[in-house]
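Position 1 is the first residue of the sequence, and the numbers go up from there. These values consider heavy atoms only, across backbone and side chains, with no hydrogens, waters or symmetry-generated copies. Small disclaimer: the values here were computed from a predicted structure and weren't measured.
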Amino acid sequence: DLFPFAMLMVLLAPGILAGGLLAFTLSIDDFVMSFFVAGPGSTTLPIKIYSMIKYGAPPLINALSTILLVVTFLAVTISHYLTHRGRQTA
C-alpha cells in the first residue's frame, strides 16, 4: 500500500521544495560562515567567487552570477507553478 505514503509526499512536497530553495539562497549569502567553517582543501562556491573577485572580476564571475540568477528564478517559478496548479481562481 503506497497510497498513504504517496499522499503524504504530495502534501509535503511544497514545504520540502520551499525549504530547499531557502537553504540554497542562504548558503550563497553566508560567505562569512562558509569562510570560517570550511576545512583545509575544501572550497565552497562563495569562497571561490570571493577569491576570483579579489583579483579582478573576470567574465567567468559574470557568467556564474547570471547562471545562479537564472537557476534561482526558474526554481522559484516552477515552485510557484506547482503550488498553484491545483487551485482555481475565483
Side-chain angles (χ1 to χ4, degrees):
D1 283 27
L2 282 175
F3 180 72
F5 179 72
M7 180 60 91
L8 183 65
M9 288 309 295
V10 168
L11 293 174
L12 292 177
I16 292 170
L17 183 63
L21 288 172
L22 186 62
F24 173 73
T25 304
L26 291 176
S27 71
I28 297 292
D29 188 41
D30 286 339
F31 166 74
V32 174
M33 187 183 306
S34 297
F35 187 73
F36 287 114
V37 174
S42 66
T43 305
T44 62
L45 185 60
I47 293 172
K48 182 72 172 173
I49 291 172
Y50 175 75
S51 66
M52 291 175 79
I53 288 176
K54 192 163 54 171
Y55 299 110
L60 181 64
I61 295 294
N62 297 334
L64 183 61
S65 298
T66 302
I67 289 170
L68 284 173
L69 185 65
V70 168
V71 167
T72 304
F73 181 73
L74 285 175
V76 169
T77 302
I78 290 170
S79 172
H80 185 271
Y81 171 75
L82 291 176
T83 303
H84 295 290
R85 73 176 172 177
R87 299 180 187 171
Q88 294 181 356
T89 57

Could you go through residues 59-67 and list every donor-acceptor pair under 3.5 Å that involves a side-chain atom there, pairing it with any protein atom two or more places apart or in another chain?
unit_1: S65; atom_1: OG; unit_2: I61; atom_2: O; d: 2.9
unit_1: T66; atom_1: OG1; unit_2: N62; atom_2: O; d: 2.9

Throw together a table of side-chain donor-acceptor distances under 3.5 angstrom for residues 45-54, partners on residues two or more places apart or in other chains.
unit_1: S51; atom_1: OG; unit_2: I47; atom_2: O; d: 3.3
unit_1: S51; atom_1: OG; unit_2: K48; atom_2: O; d: 2.9

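Cluster note: V10 groups with no other residue, as no ILVMFWY side-chain heavy atom lies under 4.5 Å from it. As a member of the Ile/Leu/Val/Met/Phe/Trp/Tyr network built from side-chain separations under 4.5 Å, V70 groups with L74.
With values rounded to the nearest 0.5 angstrom, F3 atom CZ is found 11.5 Å from L8 atom CG.
When all heavy atoms of L68 and T72 are compared, the closest pair comes out as O-OG1, 2.8 Å.
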